[in-house]
Each structure stands twice: as structure tokens, then as C-alpha cells.
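Computed from a prediction, not measured in an experiment: that's the story for all the values here.
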Amino acid sequence: MIDIKQYPSIFNDVIGPVMIGHSSSHTAASVRIGNVVRQLAYNKNVKKVKFSFDSKSSLATTYKSQGSDIGLLAGILGFETDDKRIPDAYEYTKEAGIDCIFEVKEIGEGHPNAYYIEFVSSDNKLYHLTALSVGGGMIEITDYMGFNISVDGGFFETLIMCDDSDSKSIIHKINCELKHDYIINLSHKDEKSLINVKSKEELAFDFISINSEIVQLHPILPVMSQIDPKVPFITAKEIYCYAKGSNMSLYELAVLYESERSGLSVDAIISKMNDIVKILEMSIEATSSSEVKDRILQNQSHLIEMNDNVIGGSFNKNIIKYVTRFMDIKTSMGVFVAAPTAGSCGCISGCLFALKKELNLSNEKIAHALLSSGLIGVIIAHHSTFAAEVCGCQAECGVGSGMAAAVVAEISGGSVKTCLGAASMALQNILGLVCDPVGNKVEVPCLGKNILAAFNAVASANMAVSGFDVVIPLDETISALDSVGRSIPHELRCTGLGGLSTTKTSLEMLERFNAI
């Protein structure tokens with residue numbers, strides 16, 4: 001099988017998804033996985049479905065409390081990641097007549113966010129697959145019916161299951177008839193073959209003469225994958241060298257990167273980010289519901305607004321206010337933007353809206369800043385992860401802090417070198433941050449960590465712009481972040497098995513939530 005590693009997209013991997021739910025790696029990714037399951041049934045309804053999680057995985061303790069269950073069911077029902085019906089997915093599943101089972105059992109060593117899925121379609125055919133949530137709402141299907149595959153939702157995918165003896169002639173037919181670019185992967189099992197054709201368009205040639213089983217999948221990501229992956233740069237050093245030679249700003253470099261990665265025009269990229277800013281604004285203005293039954297924190301952003309004695313003046317006050325506001329929206333099951341994850345959605349957006357208030361910035365400036373932060377996120381996504389299950393909260397709030405530091409430095413007039421230095425400082429300060437959610441919910445200490453990450457970003461930007469010595473370059477800091485994160489004990493990587501998760505109060509909350 002040809003392994004074509006896709007470069008991250010700012011819109012796919014970093015600033016997004018636009019979603020409802022507790023967690024991007026649990027709820028949003030699960031919606032996308034459920035959507036793939038729905039497509040694999042190819043126009044036949046899913047009749048029964050069973051989701052299994054390994055007893056030692058992160059999902060064993062968090063699949064319900066962080067919304068993997070409702071996400072999976074919502075995806076099978078055809079809902080998108082921002083569908084307001086997601087919290088009620090169980091009810092809609094029952095109405096649709098779909099039998100669903102969730103189980104935790106001993107499966108064996110694998111990815112901490114692995115979903116093992118069996119489903120029966122309305123024609124009583126049994127299917128099975130393995131899907132991974134790889135962080136920030138991104139997914140990968142790694143096994144289908146026992147065949148090794150790699151489906152990330154970025155291509156039109158055609159899966160052709162046939163006898164080994166027919167595979168050569170089918171591939172020849174494809175090569176003769178397809179007029180656009182494509183990739184073919186071939187895997188074998190028990191004298192059967194699975195031909196996986198990845199393309200930018202839905203395959204239109206006639207398969208009727210082929211004696212095989214065929215499934216066609218549509219893309220589920222905002223930006224499609226690349227047949228021949230290319231980007232202008234993918235390390236901080238390469239960004240700096242490009243900037244030095246071109247005299248481009250961090251924002252301009254971000255647009256250049258995304259244009260080459262996505263194939264979108266500059267105007268389309270800016271328009272797409274402007275739409276995200278509008279969603280953020282609507283989130284701020286929306287009425288936050290307090291009706292979520294298994295919620296720890298009620299809406300709190302108004303509390304800081306009522307306090308006239310906040311040390312540090314209006315800017316400090318507004319950072320706390322806006323970071324908390326975005327977390328309030330997430331917790332109340334409203335629509336928000338994961339940036340780069342749901343668990344860290346308050347840091348970057350909170351910083352930028354506080355700066356908007358303080359400096360009277362335009363929405364266009366905020367859109368530019370989000371693109372700049374996205375470029376920092378792209379480097380981290382490519383060389384590490386946004387999954388707390390893999391690298392702890394330093395991969396979520398920590399990364400958000402580094403991304404925010406870069407754009408605060410840029411808004412303060414910093415050069416590209418200064419912005420990269422600010423990001424490195426922020427990450428250096430937050431290495432080793434663990435993920436130990438209270439009650440297995442993405443609320444406590446997540447809110448405090450988002451606020452910590454935002455203030456760390458501002459301090460790091462101020463240090464960098466003032467000329468403080470960063471010492472360790474950003475690329476080396478990212479490498480250290482990845483190494484440290486994978487060294488964090490399993491119990492402190494979003495499993496609910498250590499730290500604050502195992503305090504008496506947390507366990508009592510968990511017991512209460514499980515009874516709802």
C-alpha cells in the first residue's frame with residue numbers, strides 16, 4: 001500500500017472543525033467516523049451497530065462522558081459536526097430503528113483513540129472496520145473488512161473488493177479509463193483483494209462489468225487531500241528562510257501555504273476565514289443554555305465582567321472574559337470553533353477577541369491573525385499531534401498557547417522571526433502539561449488551563465517582541481514537546497485514571513453523571 005502522508009490544512013487540522021460537543025477528538029471525530037460508516041452501507045440503512053473500545057484505551061473511560069457515543073450515532077444519521085441535534089442523537093437513533101451497542105473489552109495494544117466497529121445493513125450484510133481519532137477532529141480508517149487501508153476523509157474513495165485473480169484486469173481497466181489524477185492502493189487477504197482508488201472527483205466510469213463489490217465514499221473534510229502533496233514549507237526554519245527571502249509577513253506566508261495545500265485562491269481562503277470569524281462572533285452573542293444535565297460549570301464569563309477590581313486592567317479582564325465565554329459555549333453544547341481542539345478552544349479566540357476590544361481591531365484583522373496562528377499549528381500538527389490522549393494537554397492548551405503567542409507578537413509588530421520565537425517560548429513554558437479531566441468532562445481544569453495558556457501566550461509575545469533570547473528554536477521545541485508528551489504516563493493523558501480525575505470530588509461527580 002502506498003502511504004501518501006498529507007500535509008495539514010489550516011482549515012482541516014487547525015482552525016476547526018466548527019462543531020457542537022465536548023471534545024473535537026471525541027465528538028467531532030466520531031461524527032466523521034459515523035459518517036463514513038453510513039457511506040460504507042452504500043445507500044442501505046444501518047440496521048444494527050456495535051462500537052467496541054479496548055479496556056486500556058482512552059476511550060474506555062471517556063467515550064460517553066466526552067461525547068464519542070452521541071457523535072458516532074449522529075454521523076450514522078447523517079448529521080454534520082455542528083448539527084444542533086447531536087446532543088439528542090440517542091433519541092433520533094431510536095426513532096430511526098437502529099440498534100446500537102457500546103462495549104469495553106480487552107482487544108489488544110493499539111491507538112488510544114481506536115474505534116472497532118461492526119454494523120449490519122438493511123440487507124443483513126455484516127461489515128467491520130477500525131477507525132482512529134488522531135486529534136483535532138481528524139480521523140483515519142485503517143482497516144475495512146480485514147484489509148489494511150488508509151482513508152482520512154479528504155478524497156473521493158472507491159473501494160473495490162474482488163478476487164485476487166481479477167485485481168490485475170480491474171486495475172488495468174481503471175488505468176485505461178480514468179482521465180484525471182488518482183492514486184491506487186492494493187491490499188490482499190485470503191485470496192481476495194481490495195483496490196482503493198483515491199481521486200479528486202467521483203469515479204464516473206462503468207463498473208457494471210466488474211464482478212466485484214464496490215463502495216464509493218465522498219470527502220468529509222472542508223479541504224480535499226492532495227494527489228501529489230506539496231507545500232512551500234513545513235518547518236519553522238523553512239518559514240523563516242522563506243520570509244527572509246521574500247519579505248513576507250506571517251499572515252502572508254499562511255495564505256501562501258494554505259493556497260498551495262488546498263488549491264484555493266487567496267480570496268477564497270480569506271473568505272473562508274472571515275466566515276469562521278462570523279461564527280466566533282455569533283458564539284459570543286448566542287444565549288448559552290444551562291440545561292445540560294451532566295455539566296460541571298455553569299456559565300461564568302459574566303462573573304469576571306461584574307468584577308470591578310480585576311488586577312491588570314481591562315485587557316486582563318477581557319482575556320479571562322472571552323476565554324471563559326468560548327468555553328461556556330462549548331460546555332453548553334452551543335456551536336463553536338475548535339482551535340486547534342475543543343478542549344483548547346478558548347485560548348486563541350479569547351486572546352484575539354480581547355485584543356480586538358483593546359486595540360479596536362477589525363474582523364478582517366482577526367481573520368488574518370487566525371490564519372497566522374494556523375500556520376504555527378500546521379507545523380506542530382505535522383511533526384507532533386493535537387491529541388491529549390497521545391501527548392497530554394500540552395498538545396491542546398499548550399499548542400494553543402504557542403499559536404496564540406505568535407499572533408499576539410505579530411499584532412504587536414513582531415517580525416516572522418519574533419513570532420516564531422514567541423511560539424517557541426510559550427511551548428517551552430508549558431511542556432509536560434497533563435490532561436486529567438474532572439468527572440471525565442472537558443471542563444475542569446480545562447477552563448483554567450485555557451486561561452493559563454492565554455496569559456502565557458501574551459507574556460511570551462511580550463518577551464519575544466522585547467528581544468528576550470528564545471534560546472531553543474521552535475522546531476527543536478516542537479520535537480521536545482512530542483518526546484515529553486509521549487513520556488507522560490498513560491494515566492495522565494485524558495484517560496480519567498490519574499491527577500485531578502481520581503480525586504474524591506471527581507469520582508463522586510463521575511458516579512453522579514453515570515447515573516443520569
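Using modelled atom types, one side-chain atom of S283 and one backbone atom of I279 make a donor-acceptor pair closer than 3.5 Å. Under the 3.5 Å distance criterion, the side-chain polar atoms of Q216 are left unmatched by any main-chain donor or acceptor of E157. Judged purely by atom type and a 3.5 angstrom limit, D82 has no side-chain atom pairing as donor or acceptor with the backbone of I20. For the pair E396 (side chain) and G135 (backbone), a donor-acceptor distance under 3.5 Å is absent. At least one donor-acceptor pair closer than 3.5 Å links the side chain of N175 to the backbone N or O of I171. Between the S58 side chain and the C494 main chain, a donor and an acceptor come within less than 3.5 Å of each other. Listed for the N113 side chain is no donor-acceptor partner under 3.5 Å among the backbone atoms of V134. In this structure, the side chain of S150 does not engage the main chain of T142 through any donor-acceptor pair within 3.5 Å. For S30 (side chain) and G71 (main-chain N/O), no donor-acceptor pair under 3.5 Å exists by modelled atom type. Judged by distance alone, with hydrogens and angles left aside, the side-chain atoms of D475 form a donor-acceptor pair with the main-chain N or O of K237 at under 3.5 Å.
Under the salt bridge (Lys or Arg N to Asp or Glu O under 4.0 Å) criterion, K365 pairs with no residue, sequence neighbours left out. Every ring pair (Phe, Tyr, Trp, His ring centres under 6.0 Å) that Y63 has, sequence neighbours left out, goes to F53, F102. With sequence neighbours left out, S479 forms a side chain to side chain contact (heavy atoms under 4.5 Å, CB included) with no residue at all. Taking the side chain to side chain donor-acceptor pair (under 3.5 Å) definition, one finds that H383 meets it with nothing, sequence neighbours left out. In this structure K192 satisfies the salt bridge (Lys or Arg N to Asp or Glu O under 4.0 Å) test together with D163, sequence neighbours excluded. Applying the ring pair (Phe, Tyr, Trp, His ring centres under 6.0 Å) rule to H382 yields the partners Y7; only residues at least two apart in sequence or on another chain are considered. Applying the salt bridge (Lys or Arg N to Asp or Glu O under 4.0 Å) test to K179 and every residue at least two apart in sequence or in another chain returns nothing. Remark: S415 pairs with T418 by the side chain to side chain donor-acceptor pair (under 3.5 Å) rule, at least two apart or across chains. Not counting sequence neighbours, the partners of D228 by the salt bridge (Lys or Arg N to Asp or Glu O under 4.0 Å) test are K230.
Sorted pairs that involve residues 238-248 and meet side chain to side chain donor-acceptor pair (under 3.5 Å), not counting sequence neighbours, are lacking altogether. Applying the ring pair (Phe, Tyr, Trp, His ring centres under 6.0 Å) test to every pair with at least one member in residues 155-176, sequence neighbours left out, gives these pairs: F156-H218. Screening residues 85-97 for side chain to side chain donor-acceptor pair (under 3.5 Å) gives D69-Y90, D83-R85 as the qualifying pairs, with residues at least two apart or on separate chains.
Between the side chains of T477 and S424, a donor-acceptor pair is found at a separation under 3.5 Å. Looking only at atom types and distance, the side chain of Q66 has no donor-acceptor partner in the side chain of T27 under 3.5 Å away. Side chains of E364 and N274: no donor on one and acceptor on the other come within 3.5 Å. A donor-acceptor contact under 3.5 angstrom links the side chains of H188 and S193, judged on distance only. A side-chain donor from one of E281 and N363 sits under 3.5 Å from a side-chain acceptor of the other. Of the N and O atoms on the side chains of K198 and N185, not one donor lies less than 3.5 Å from an acceptor on the other residue. In this model, no donor atom of one side chain and acceptor atom of the other lie less than 3.5 Å apart for S122 and N45. Side-chain contact of S133 with H26: a donor-acceptor pair under 3.5 Å is absent, judged by distance alone.
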Practice item. Would you sort out whether Y257 and V378 count as a side chain to side chain contact (heavy atoms under 4.5 Å, CB included), showing the intermediate values? Key: CA-CA 10 Å; Y257 175 93; V378 155; 3.2 Å; yes
Exercise for review: Take V151 and E140 through the side chain to side chain contact (heavy atoms under 4.5 Å, CB included) test and state the conclusion after the steps.
Suggested key: CA-CA 5 Å; V151 173; E140 183 183 11; over 6 Å; no
Exercise for review: Please lay out, stage by stage, how N450 and M327 fare under the test side chain to side chain contact (heavy atoms under 4.5 Å, CB included).
Suggested key: CA-CA 9 Å; N450 272 261; M327 294 296 285; 3.7 Å; yes
Check your understanding: Given S121 and V46, is the side chain to side chain contact (heavy atoms under 4.5 Å, CB included) satisfied, shown in steps?
Key -> CA-CA 4 Å; S121 60; V46 174; over 6 Å; no
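Between the CG atom of L280 and the CD1 atom of I366 there is a distance of 9.5 Å, given to the nearest 0.5 Å. Between the CG atom in L132 and the OG1 atom in T130 there is a gap of 7.5 Å [rounded to 0.5 Å]. With rounding to the nearest 0.5 Å, the separation of SG in C397 from CD1 in I430 is 7.0 Å. Here the straight-line distance linking atom OH of Y322 with atom CG of L355 works out to 11.0 Å at 0.5 Å rounding. Distance check, rounded to the nearest 0.5 Å: CG of L178 to NZ of K173 gives 10.0 Å. Going from atom NZ of K330 over to atom OG of S344 covers 10.5 Å, rounded to the nearest 0.5 Å.
Here R32 does not pair with E80 in a salt bridge; the nearest charged N to carboxylate O distance is not below 4.0 Å. A salt bridge does not link R493 to E389: none of the charged nitrogens lies less than 4.0 Å from a carboxylate oxygen.
Annotation: side chain of F386 is in contact with side chain of I380 (closest heavy-atom distance under 4.5 Å). Residues K47 and D99 form no side-chain contact, since every pair of their non-hydrogen atoms from C-beta on lies 4.5 Å or further apart. When side chains are defined from C-beta on, I70 counts as touching M333, because their heavy atoms get closer than 4.5 Å. Contact annotation: the side chain of N196 never approaches that of T158 to less than 4.5 Å [non-hydrogen atoms, C-beta and beyond]. Using a 4.5 Å heavy-atom threshold, the side chains of I411 and L352 count as touching. Put simply, the side chain of M273 reaches to within 4.5 Å of the side chain of I10, judged on heavy atoms. Contact check for L194 versus I149: side-chain heavy atoms found under the 4.5 Å cut-off.
Paired with I15 under the rule side chain to side chain contact (heavy atoms under 4.5 Å, CB included), one option of S373, S349, P222 passes, and it is S373. Shown are L126, I98, L40; of these, the side chain to side chain contact (heavy atoms under 4.5 Å, CB included) with F119 is made only by L40.
Relative to the six-membered ring of F11, K272 meets both conditions, a distance below 6.0 Å and an angle of at most 45° to the axis.
Crowding of K168 atom NZ: a count of heavy atoms from other residues, nucleotides or ligands under 6.0 Å not exceeding 12. The environment of K200 atom NZ is dense: over 12 non-hydrogen atoms of other residues, nucleotides or ligands sit within 6.0 angstrom.
Nearest heavy-atom pair across L481 and S384 is CD2-OG, 3.6 Å.
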